[in-house]
There are 2 protein chains.
Amino acid sequence: MGRPRTFDIDAAVDRAMELFWRQGFEATSTEDLVEGLGIARGSLYKAFGSKEQLYALALRRYCQRHAEGLVEVLDRAEQVRPAIRAVLLELVEADLADPERGCLLVNAATERSTHPDTVQQVSRTMGRIESALAGALERARARGEIAADKKPRELAQFLTTFIQGLRVMGKARADREFLDNAVEVALGALD
Amino acid sequence: MGRPRTFDIDAAVDRAMELFWRQGFEATSTEDLVEGLGIARGSLYKAFGSKEQLYALALRRYCQRHAEGLVEVLDRAEQVRPAIRAVLLELVEADLADPERGCLLVNAATERSTHPDTVQQVSRTMGRIESALAGALERARARGEIAADKKPRELAQFLTTFIQGLRVMGKARADREFLDNAVEVALGALD
DNA sequence: CGAATTTGGAACCGATCAGTCAATAACTGG
DNA sequence: CCAGTTATTGACTGATCGGTTCCAAATTCG
C-alpha cells in the first residue's frame, strides 16, 4: 500500500557508487548526489537515511561485485598463473584508462581510516580477496603449477598487498611500462 | 624591517603536515589548522595564502623528508638486500603503530587525484623512490648481491609499487603476520 | 620619531554543507 | 469514492566552510 517508489533504488546506489568512487566521500556533496541520482533531496534522505548510509551501501556493493568477480575469474580458470597475470594486467588497463578513479576500496581505506564501519568493510573485503587467491594458489600447487614449498596463503597475502600498490601507482600516473614491469616481477615471486 | 614573525614557520608547516596526514585535505578545516598551528586565522592566511598552498608546502616537506630518508638509508648500507628488508619492515612497524595515519603520499595520491599539482608532486616523489631503489639495486648487482640477469630498474618499479600496497594494507588493518608474510614474499622476488 | 610590517583576535562575508519538513501526489484496501 | 499509507518535491534550517578585513599592539629600520 502507499505510493510506489518511482526510481530504481539499485540504479541509484550504482550512481552513488560511481560518484563516491570518483570524488571520494568528503568531496561528494549531497547536492552532487541529488543531481547524479536524479531524485529530490527529500527522497534521497527518505530512501537512504544519510550520506554515510548511502556511502556504506555503495561501498558494500562495490566490494561484493569485485570480490565476486575475482572469485569467478579464478574459479573458471584452468590454469591459475595465467589467470592471475590476466587479473593484474586488467587492473593496469583500468588504471591507465581512468587514473583519476582508481579503486574505491583503496580510496575508502585511505580517506576513511578513522571510520570503523568503513574500515571493517574494507578489511573484510581484503580478506575475501586473500581467500580467493589463496584458494586458487592451493589448487595450483596441488596440480604442480607452482612449487610445493610455496605457501599459498603467504603468496595470496603478498598478491593482495601488491594489487593495492598497483592501484595507488595508477593514481600516481605511473605509465604502462612501469606497471607492466612491476606486474612481471611480482609474478616472478610465485616461482 | 617591520615586526618580526613570532611563530616558527617551519614548525607550523610540520604541524599542518601532521594534520593533513592524519585527516586528509578535505577533512581538515581551516579552524583545525588555526587551532593546531597555534596562530590566528589572519596570520595563517598572511603567511601561507590559502589552505591549498599550505597543503602543498606540507606535502612537499613530507616528500622531501621521506625520499631523502630512503636515499640515505640505502646509501649508507653496506649490503642492499638487508637494507631493503629493514626499510620494508620499518614501514610495517609504522603501519601497525598508527594505522589511521598511513602514508601522506598515498593519501594524497588517492584523495587528490584530480588536482594536477598534487598528482605531479606525488608522481615526482614516486620517481625519486624508484631511482633510489634502482641505484641501490644496481650497486647490489655489480657486487653480485643479486643475480646479474635481474634488471634493477624493473625490480625498483616493483618495490615502489609494493611499498604503496603495504601502506594501504596497513590502513586496512592487516595484522603483523599478514604484512610480514607479504614482505618476505616480495623480497623473494629479488632472487 | 615615523614609516613599514606582522602579530593576534574578532567580526564578518557569501557560499555551501548535511539534513528536515510540510504540502502534495500516487497508490491500495475497503 | 474514501481513508490510509507512502513517496516526491523543493523550500528551508542552522552550522560550517574557506577566506577577508579591520583593529590596536608590537617590533624593526631609517
Side-chain angles (χ1 to χ4, degrees), chain A residues 1-60 104 107-108 111-112 114-118, chain B residues 1-60 104 107-108 111-112 114-118:
Chain A
M1 63 189 78
R3 178 174 174 175
R5 183 167 280 130
T6 56
F7 66 92
D8 181 340
I9 207 164
D10 276 347
V13 173
D14 276 345
R15 291 203 199 99
M17 181 181 82
E18 191 68 35
L19 286 168
F20 286 130
W21 191 352
R22 201 168 286 281
Q23 309 179 4
F25 177 81
E26 294 277 359
T28 302
S29 68
T30 52
E31 184 57 34
D32 290 339
L33 292 168
V34 164
E35 193 180 339
L37 273 57
I39 63 180
R41 203 170 189 70
S43 299
L44 191 153
Y45 276 87
K46 167 140 257 200
F48 301 112
S50 73
K51 187 184 168 188
E52 291 256 4
Q53 289 172 64
L54 177 53
Y55 180 83
L57 278 181
L59 177 59
R60 189 174 318 163
L104 177 54
N107 300 351
E111 185 185 1
R112 292 177 64 74
T114 60
H115 297 72
D117 290 356
T118 301
Chain B
M1 67 189 76
R3 177 176 175 175
R5 183 167 281 131
T6 55
F7 64 92
D8 182 341
I9 207 164
D10 276 347
V13 173
D14 275 346
R15 290 202 199 98
M17 182 182 80
E18 191 69 34
L19 286 170
F20 285 131
W21 193 351
R22 201 167 286 281
Q23 309 180 7
F25 177 81
E26 295 276 358
T28 302
S29 69
T30 53
E31 185 56 34
D32 289 339
L33 291 167
V34 164
E35 192 180 340
L37 273 57
I39 63 180
R41 205 174 185 71
S43 302
L44 191 153
Y45 276 88
K46 169 138 251 189
F48 300 112
S50 72
K51 186 185 167 185
E52 292 256 4
Q53 289 173 64
L54 177 53
Y55 180 84
L57 278 181
L59 178 60
R60 190 175 316 162
L104 178 54
N107 299 351
E111 185 185 0
R112 290 176 65 74
T114 59
H115 297 74
D117 291 355
T118 301

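Below, chain A is the first sequence line, B the second, and so on; all start at residue 1. Values below: all heavy atoms of this structure, side chains included; hydrogens, waters and symmetry mates excluded.
- Comparing A:Ala27 and A:Gly42, the nucleotide of DNA chain C nearest to each residue sits closer to the 5' end for A:Ala27.
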Atom pairs, N/O to N/O, protein against nucleotides 22-25 of chain C, distance under 3.5 Å?
residue, atom, partner, partner atom, Å
C:dA25, N3, A:Arg3, NH1, 3.2

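- Of all the heavy atoms in B:Phe7 and B:Ser43, the pair that sits closest is CE2-CB, 4.5 Å.
- The shortest non-hydrogen separation linking A:Lys51 to A:Phe25 is NZ-O, 3.0 Å.
- In this structure, A:Asn107 CG and A:Gln23 CD are separated by 11.5 Å, a value rounded to the nearest 0.5 Å.
- Scanning residues 46-56 of chain B for heavy-atom distances under 4.0 Å to DNA chain D yields B:Ser50, B:Lys51.
- Residues passing the salt bridge (Lys or Arg N to Asp or Glu O under 4.0 Å) test with B:Asp14, sequence neighbours excluded: B:Arg61, B:Arg65.
- Rounding to whole angstrom units, OH of residue A:Tyr45 and C1' of D:dT13 are separated by 13 Å.
- If you take CD1 of B:Ile39 and P of D:dG19, they are 14 Å apart, rounded to a whole angstrom.
- Every residue two or more places apart in sequence or in another chain was checked for a side-chain hydrogen bond (donor to acceptor under 3.5 Å, both in side chains) with A:Asp8, and none qualifies.
- With sequence neighbours excluded, the residues satisfying salt bridge (Lys or Arg N to Asp or Glu O under 4.0 Å) with A:Glu31 are A:Arg41.
- Here the side chain of A:Ser43 is nearest to one of C:dG8, D:dT8, C:dC27, namely D:dT8.
- Between A:Gly36 and A:Leu19, the shortest heavy-atom contact is CA-CD1, 4.1 Å.
- Not counting sequence neighbours, the partners of A:Glu52 by the salt bridge (Lys or Arg N to Asp or Glu O under 4.0 Å) test are A:Arg112.
- At a non-hydrogen distance threshold of 4.0 Å, A:Phe7 from residues 7-18 of chain A come into contact with DNA chain D.
- For the helix from C:dC1-D:dG30 to C:dG30-D:dC1, the axis fitted to the five pairs at one end and the axis fitted to the five pairs at the other end meet at an angle of 10° (nearest 10 degrees).
- Considering CG of B:Asp32 and CZ of B:Arg22, their distance stands at 13.0 Å, rounded to 0.5 Å.
- One finds no side-chain N or O of A:Thr6 lying less than 4.0 angstrom from the OP1 or OP2 phosphate oxygen of D:dA7.
- Checked against D:dG18, C:dG8, C:dT6, the side chain of B:Arg41 finds its nearest nucleotide in D:dG18.
- Under the rule for a side-chain contact (heavy atoms from CB on, under 4.5 Å), the partners of B:Ala16 that lie at least two apart in sequence or sit in another chain are B:Phe20, B:Leu33, B:Leu37, B:Leu54.
- Contacts between residues 28-37 of chain B and DNA chain D, defined by a heavy-atom separation under 4.0 Å, are made by B:Thr28, B:Ser29, B:Thr30.
- Across B:Glu111 and B:Gly24, no two heavy atoms sit closer than the pair OE1-CA, 3.4 Å.
- Heavy atoms only, all atoms of each residue included: A:Ile9 and A:Ala47 are closest at CD1-CB, 4.4 Å.
- For A:Glu26, there are no salt bridge (Lys or Arg N to Asp or Glu O under 4.0 Å) partners two or more places apart in sequence or in a different chain.
- Atom CG in A:Leu44 sits about 11 Å away from atom C1' in C:dG19, given to the nearest Å.
- Partners of B:Asp117 according to the side-chain contact (heavy atoms from CB on, under 4.5 Å) rule, which considers only residues two or more places apart in sequence or in another chain, do not exist here.
- Residue A:Glu26 contributes atom CD, which lies 11 Å from atom C1' of C:dA18 at whole-angstrom precision.
- Between B:Ala108 and B:Tyr55, the shortest heavy-atom contact is CB-OH, 3.3 Å.
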